[in-house]
Amino acid sequence: MKLKSHINQIIQDAFTKADISHEAMSVSEATKPEFGDYQFNGAMALAKKLGKNPRVIATEILNHLDFTGALSKGEIAGPGFINLWLNPLWLASECQVASLDERLNIVKKETPIKAVIDYSGPNMAKQMHVGHLRSTIIGDTLANLLHFLGDDVIRQNHIGDWGTQFGMLIAYLEEQNEDGSVSLKDLEKFYKEAKGRFDEDATFADKAREYVVKIQSGDTHCLNLWQKFIDISLGHCEEVYEKLDVKLTRDDVRAESFYNAQLPKVVETLQNRGFLEESNGAKCVFLEGDEIPVIVQKGDGGYLYATTDLAALEFRANTLEAKRICYVVDARQAGHFKQVFTVAKNAEFVASDVSLEHIAFGTMMDKGGKPFKTRDGGTIKLINLLDEAVIKAKESINNKDDYSESELADLAKTIGIGAVKYADLSINRESNYIFNWDKMLSFEGNTSLYLQYAYARIQSIFRRFDGKIEGKILINDALEHRLSVMLLRFEDILNRAAVDASPNQLTTYLYELATLFMRFYEQNPILKEGVDEETKMSRLQLANLTAKTIKQGLEILGIKVVNKL
RNA sequence: GCACCCAUAGCUCAGCUGGAUAGAGCAUCGCCCUUCUAAGGCGAGGGUCUUAGGUUCGAAUCCUAAUGGGUGUACCA
């Protein structure tokens with residue numbers, strides 16, 4: 001149910017009937033229960049334009065409001081707020097519809113678009129570390145969300161499999177006289193050693209650069225070694241994806257190297273369309289207002305990541321036919337993406353109606369609020385973090401005796417991984433992220449476990465109830481009323497979260513829903529003695545719809561629910 | 001130097017297109033388990049929304065400046 005749109009339409013109709021012209025304005029959720037369910041504040045904004053007292057305008061609107069459907073009551077308050085109450089009978093019937101529907105009565109988009117979500121993007125020369133968590137999780141959530149709402153989602157894992165560092169690795173491999181099979185088992189260590197050689201020995205560094213050229217020119221021996229790197233490294237990533245329960249597969253991998261063949265053409269196109277300038281030997285696009293140019297070809301003829309990104313944009317817009325392209329990448333690259341997007345649009349690599357979005361997220365900070373160092377050790381490998389989370393989750397389980405060993409392992413995995421993901425997704429993605437083990441693995445407050453617990457309690461009710469659910473949902477008290485409104489807001493939240501690409505709007509909603517349910521649950525008995533049959537049936541259905549909503553919400557976040565906790 | 005981002009309770013954070021008395025969790029202090037899972041619920045205390053101006057009927061939210069922090073700044077990605 002698109003609740004806001006529905007109410008907005010009723011207000012729109014009142015405007016039409018009252019013969020007041022106005023710009024479209026939306027209702028907002030009431031800030032307090034005593035102000036109703038929704039409030040319309042547009043009368044104040046219109047007052048000046050129309051030269052009328054806002055309360056007079058509010059009265060005119062109110063007099064024309066239709067109170068035979070969703071709304072039951074309207075009141076003017078303060079300077080001209082219109083407070084609106086939803087009709088309990090209408091709420092009940094809408095909840096009923098939602099509870100009987102697989103999709104909770106959330107319609108798929110009428111005009112779906114193709115959306116590319118570029119996320120995770122690990123570097124093949126290194127193992128994934130905690131810094132990769134956000135891109136992977138936020139991107140996966142966004143993909144799930146858009147898919148659920150009906151868009152045609154194309155996941156793209158733009159892995160870093162090209163560039164100087166691979167020349168460095170191969171040079172080191174040659175130096176060690178190895179074929180790769182042994183050393184590559186510990187890629188991380190191997191990378192560090194190679195990096196050490198590269199930094200301290202100029203001759204080695206030159207050699208590394210030679211190897212880069214060799215790979216790029218298609219030298220079979222080098223390409224084979226390179227391929228070995230990629231396979232091993234991608235295997236590491238897939239292990240992480242598996243643990244994270246992220247939907248990325250090998251089919252979603254479209255590596256940097258995939259665009260290699262297109263790079264000369266990118267430069268050529270820019271040249272032909274008159275965007276290219278040569279500066280200090282490099283081929284650049286200078287943008288108005290930017291001091292620093294976008295360099296697409298180095299003085300030595302090599303290409304850069306801006307070139308690859310332009311090729312990727314062209315591919316995504318034209319071959320994949322995407323209308324929305326989202327890059328889930330660290331906020332530090334904001335400048336880069338702003339420039340590349342501008343060039344892509346100006347040079348018509350992508351049509352003007354394609355939405356290019358940098359879904360930026362904050363930097364990982366340590367406890368002292370200082371940025372996490374990723375260069376010189378000290379980074380936590382993502383795989384280790386996930387394993388640790390599962391171990392801690394297992395320790396935290398209270399009644400271990402209730403489970404078999406394998407049940408316990410499954411439960412710990414679901415809870416532990418869910419906690420890590422939720423901790424990350426529940427903060428505003430643009431804020432810097434303070435990495436904290438304790439907080440990440442804590443199960444208190446706005447955490448996945450709170451939601452899991454709410455869900456499990458509902459499941460417990462249904463385990464005890466062995467009848468058949470019949471009858472209607474009845475909204476009889478204030479808590480039931482608020483719960484039903486909250487339940488019906490789900491679609492609005494999802495749409496908002498999709499537009500803003502902000503998972504934390506969904507987590508906030510789910511937490512509020514769960515909190516409201518807990519209160520409802522404490523005060524409104526369901527299966528206890530003395531609850532009449534009608535009320536029992538109604539509350540069972542409200543509980544059921546709550547559970548379904550939590551489950552669906554968590555599913556979009558990539559978190560599984562457990563039936564028992 | 002220039003550019004971008006951020007600043008909300010002791011701590012970690014919400015706060016959607018400007019709306020009524022700024023909200024959670026943690027921590028602190030009370031209360032509620034013979035009754036559907038206490039990993040829960042109820043209550044208390046805790047705020048000059050960094051500062052100073054401005055726009056507006058109305059500002060945590062928009063604008064300007066200052067301060068503090070983060071980030072980016074030509075051939076790495």
Side-chain angles (χ1 to χ4, degrees), chain A residues 24-26 28-32 34-35 39 41 44-45 47-48 54 77-81 83 121 123 125 160 162-165 256 279-284 289-300 302-306 308-309 329-336 338 360 362-363 365 369-371 396-399 415 426-428 430-432 434 436 438-439 442-447 449-450 452-454 456-465 492-493 496-497 499-500 502 504-505 507-508 511-512 515 518-519 521-531 539 543 564-565:
Chain A
M25 277 174 288
S26 178
S28 50
E29 284 90 33
T31 49
K32 287 171 191 296
E34 55 266 40
F35 297 152
Q39 56 179 251
N41 306 325
M44 274 100 70
K48 200 165 197 182
F81 298 105
N83 294 335
N123 189 325
W162 209 246
T164 323
Q165 54 203 327
E256 280 176 2
S279 173
N280 296 327
K283 292 188 176 165
C284 311
D290 281 348
E291 276 183 52
I292 296 126
V294 181
I295 303 176
V296 291
Q297 193 168 16
K298 298 195 276 186
D300 67 4
Y303 300 102
L304 291 140
Y305 76 139
T308 311
D309 277 341
V329 181
D330 192 303
R332 283 177 285 196
Q333 300 206 31
H336 165 72
K338 200 181 165 198
T363 309
M365 310 289 243
K370 293 274 195 280
S396 78
I397 293 167
N398 286 338
N399 40 345
I415 289 174
S426 62
I427 61 169
N428 187 321
E430 292 183 80
S431 315
N432 282 344
I434 294 184
N436 182 332
D438 296 339
K439 201 197 163 195
S442 147
F443 298 129
E444 286 172 325
N446 183 9
T447 63
L449 201 83
Y450 183 86
Q452 296 281 17
Y453 182 60
R457 283 178 112 175
I458 297 171
Q459 298 316 306
S460 168
I461 295 170
F462 283 97
R463 274 196 295 276
R464 284 164 180 272
F465 173 74
D492 284 343
I493 299 294
R496 187 83 216 173
V499 170
D500 297 342
S502 56
N504 83 303
Q505 292 190 29
T507 60
T508 301
Y511 180 60
E512 281 173 9
T515 305
M518 291 290 201
R519 294 174 62 187
Y521 175 94
E522 295 278 338
Q523 287 183 38
N524 299 26
I526 300 174
L527 299 180
K528 291 181 186 176
E529 290 286 314
V531 181
R539 288 177 180 169
K564 216 171 112 189
L565 201 57

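A, B, ... follow the sequence lines: proteins, then strands. Residue 1 opens every chain. For the numbers below, each heavy atom of this structure counts, side chains included, while hydrogens, waters and symmetry mates do not. Small disclaimer: the values here were computed from a predicted structure and weren't measured.
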Heavy-atom check, side chain of A:Val531 versus side chain of A:Ile526, under 4.5 Å: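 In short, these two side chains do not touch, never coming nearer than 4.5 Å.
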Under-3.5 Å donor-acceptor pair between A:Thr515 side chain and B:A24 base: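 Result: no qualifying N/O pair found.
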Check: A:Tyr305 side chain, B:A77 base, donor-acceptor under 3.5 Å: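 It does, because a donor-acceptor pair links the side chain of A:Tyr305 to the base of B:A77 below 3.5 Å.
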[N] phosphate, OP1 or OP2, under 4.0 Å from [X] side-chain N/O:
| X | N | value |
| --- | --- | --- |
| A:Ser431 | B:A14 | yes |
| A:Arg519 | B:C42 | yes |
| A:Asn432 | B:G69 | no |
| A:Tyr450 | B:G41 | yes |
| A:Asn504 | B:G15 | yes |

Determine the contact category for [X]: base if any of its heavy atoms lies under 4.0 Å from a base atom, sugar-phosphate if only primed atoms, P, OP1 or OP2 are that close, otherwise nothing.
| X | answer |
| --- | --- |
| A:Thr508 | sugar-phosphate |
| A:Ile427 | sugar-phosphate |
| A:Lys48 | sugar-phosphate |
| A:Arg539 | nothing |

Rounded to whole Å, please give me the gap between [atom1] in [X] and [atom2] in [N].
| X | N | atom1 | atom2 | result |
| --- | --- | --- | --- | --- |
| A:Lys528 | B:U37 | NZ | C1' | 11 Å |
| A:Asn446 | B:A14 | CG | P | 10 Å |
| A:Glu444 | B:U12 | CD | P | 17 Å |
| A:Gln333 | B:A3 | CD | C1' | 17 Å |

Ionic contact status for A:Asp492 with A:Arg496, cut-off 4.0 Å: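 Between A:Asp492 and A:Arg496 there is no salt bridge, as every charged N stays at least 4.0 Å from the carboxylate O atoms.
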Rounded to whole angstrom, note down the [atom1] distance from [N] over to [M].
| N | M | atom1 | answer |
| --- | --- | --- | --- |
| B:C49 | B:G23 | C1' | 12 Å |
| B:A24 | B:G46 | C1' | 14 Å |
| B:A65 | B:A7 | C1' | 16 Å |
| B:U48 | B:C2 | C1' | 34 Å |
| B:U61 | B:G19 | C1' | 11 Å |

[N] pairs with which nucleotide, Watson-Crick or G-U wobble, both distances below 3.5 Å?
| N | result |
| --- | --- |
| B:C76 | none |
| B:C36 | none |
| B:U21 | none |
| B:A27 | none |
| B:A3 | B:U71 |
| B:A52 | B:U64 |

Qualifying residues under salt bridge (Lys or Arg N to Asp or Glu O under 4.0 Å), relative to A:Glu29, sequence neighbours excluded: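 A:Glu29 satisfies salt bridge (Lys or Arg N to Asp or Glu O under 4.0 Å) with A:Lys4, A:Arg489 once adjacent residues are dropped.
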